[in-house]
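Down below is the structure, laid out as structure tokens.
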Amino acid sequence: MQRLQTKLMTVVEYWARTILQNHNVSMSHIALLVVEFHGVYKVLKFSDKFKSATLELSDDREKVEIKSITAHSYIIADTEPVKSGIHCWRALVNKPSNNDWLLVGVSEKREFSNLSYKEAFGNASTNFYPKNESDKVLKWSERYWQHHNTANLEMFQKRGESHIDILLNLDEGTLRLCVVPYLDEKHVIEIYKVSQSEI
């Protein structure tokens, strides 16, 4: 899939460069748009095994809804675990209000408790995870994952429907998250020191 996308990007960049010579347009942005809408992707399904009972699946396990908001919940995508390389997923999320709390990230493929957000690499609101609750010497704010950039998190906090891209690079130990189409450096979250043993 990744090779096909790279090939498509190369072809599109060539034709865009040929057609739009001497125009102040980034070829990589044009190529990204064409590839984006070409349909070179696979829609992930969610696991009916690794999820909280408060979550309901529909649309052939491509859609998750909360039955009742009484506590934290978790769900894992139904995909093979990854141990190396670069992997990318896109999640369509809908937050009915600005106060809704949602962590987007990566974790091991296994059963968790409903409070498993502490064990995943990701972001929710203004906090980064995993969270160290066992070290009581640390201040509360220091218990959150400290290895990340200082991206603008405003787009992650807005209510409504949005696509979130999740780019995991296990070779470099990084996780990048962004709300589409805000792909510029100041809006992309980057989390460092992501351990493959924990995914």
Side-chain angles (χ1 to χ4, degrees), residues 1-2 5-6 28-29 32 41 44 46-47 50-52 64 71-95 98-159 162-199:
M1 184 74 82
Q2 194 172 6
Q5 188 161 1
T6 303
S28 61
H29 282 105
L32 185 62
Y41 62 89
L44 284 176
F46 288 97
S47 173
F50 301 116
K51 72 176 195 67
S52 297
V64 183
H72 287 93
S73 304
Y74 85 97
I75 192 160
I76 295 176
D78 192 6
T79 185
E80 289 301 311
V82 294
K83 299 291 180 191
S84 62
I86 301 171
H87 308 273
C88 188
W89 303 275
R90 175 168 288 175
L92 173 62
V93 299
N94 186 7
K95 289 173 59 178
N98 287 339
N99 298 326
D100 289 338
W101 190 89
L102 174 71
L103 182 138
V104 176
V106 295
S107 72
E108 289 181 271
K109 186 176 182 179
R110 66 174 174 85
E111 191 172 345
F112 286 99
S113 74
N114 287 342
L115 296 175
S116 60
Y117 63 88
K118 299 174 242 180
E119 301 175 59
F121 284 97
N123 170 266
S125 189
T126 58
N127 296 319
F128 294 84
Y129 294 86
K131 184 178 178 185
N132 180 356
E133 291 195 339
S134 60
D135 190 343
K136 303 299 180 193
V137 175
L138 292 174
K139 292 182 200 170
W140 188 255
S141 62
E142 293 172 343
R143 294 180 186 183
Y144 293 98
W145 196 250
Q146 300 294 310
H147 311 287
H148 57 83
N149 66 352
T150 53
N152 181 333
L153 304 175
E154 182 184 347
M155 302 317 299
F156 289 88
Q157 297 164 353
K158 288 194 171 182
R159 69 184 179 89
S162 62
H163 286 95
I164 297 178
D165 280 355
I166 305 160
L167 179 64
L168 174 65
N169 185 336
L170 286 170
D171 298 335
E172 292 182 358
T174 60
L175 174 65
R176 295 172 60 119
L177 305 167
C178 71
V179 176
V180 178
Y182 304 97
L183 307 174
D184 56 288
E185 223 173 276
K186 71 177 186 177
H187 287 101
V188 176
I189 290 173
E190 188 158 8
I191 299 171
Y192 313 113
K193 297 189 178 182
V194 175
S195 166
Q196 70 178 36
S197 63
E198 297 180 45
I199 297 172

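Counting from 1, the numbers follow the sequence of the chain as shown. Any value given below was found using the heavy atoms of this structure, including those in side chains, with hydrogens, waters and symmetry copies removed. Values in this document were obtained by computation on a predicted structure and should not be read as measured data.
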Using 0.5 Å steps for rounding, measure from the [atom1] atom of [X] to the [atom2] atom of [Y].
X      : Y      : atom1 : atom2 : result
Asn169 : His87  : CG    : NE2   : 8.5 Å
Phe156 : Cys178 : CZ    : SG    : 6.5 Å
Phe128 : Leu175 : CZ    : CG    : 10.0 Å
Phe121 : Lys193 : CZ    : NZ    : 11.0 Å
Ile164 : Ile189 : CD1   : CD1   : 8.5 Å
Ile191 : Asn149 : CD1   : CG    : 8.5 Å

Report yes or no: does [X] contribute a side-chain atom to a donor-acceptor pair with the main-chain N or O of [Y] at less than 3.5 Å?
X      : Y      : value
Ser52  : Tyr74  : yes
Trp145 : Gly122 : no
Asp171 : Gly85  : yes
Asn123 : Asn127 : yes

### Task
Determine, using ring centers only, whether His187 and Tyr182 are less than 6.0 Å apart.
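Centroid separation for Tyr182 and His187: below 6.0 Å.
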### Task
Would you please indicate yes or no on a ring centroid separation below 6.0 angstrom for Phe50 and Phe112?
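No, they do not, as the ring centres are separated by 6.0 Å or more.
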If you look at every heavy atom in [X] and [Y], which pair is closest and at what distance?
X      : Y      : answer
Leu167 : Cys88  : CD1-CB, 3.9 Å
Gln157 : Thr126 : NE2-CG2, 3.1 Å
Val82  : Trp89  : CG2-CH2, 4.4 Å
Ala120 : Leu103 : CB-CD2, 4.1 Å
Tyr129 : Lys118 : CD2-CA, 4.3 Å
Val188 : Arg176 : CG1-NH2, 3.4 Å

### Task
List the steps, then state whether side chain to side chain contact (heavy atoms under 4.5 Å, CB included) holds for Val93 with Leu102.
CA-CA 9 Å; Val93 299; Leu102 174 71; 3.8 Å; yes
### Message
Can you confirm whether Gln146 is buried at CD, in the sense that more than 12 heavy atoms of other residues, nucleotides or ligands lie under 6.0 Å from that atom?
### Response
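Check passes, neighbour count above 12.
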### Query
Does Glu142 CD have over 12 foreign heavy atoms under 6.0 Å away?
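Enclosed: over 12 neighbouring heavy atoms sit under 6.0 Å from CD of Glu142.
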#### Entry: Electrostatic pair Asp78:Lys109 at N-O distance under 4.0 angstrom
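Looking at Lys109 together with Asp78, the answer is yes, because their closest N to O distance falls below 4.0 Å.
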### Message
Does this structure show an ion pair linking Glu154 with Lys186, if we count only N-O contacts that are shorter than 4.0 Å?
### Response
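Not counted as a salt bridge, because no side-chain N and carboxylate O are separated by less than 4.0 Å.
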### Message
Please tell me whether Asn114 and Ser73 have a donor and an acceptor in their side chains that are separated by less than 3.5 angstrom.
### Response
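The criterion, which ignores hydrogens and geometry beyond distance, is not satisfied for Ser73 and Asn114.
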#### Entry: Residue pair Val104 / Ile166, side-chain heavy-atom distance below 4.5 Å
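Counting from C-beta outward, Val104 and Ile166 do come under 4.5 Å.
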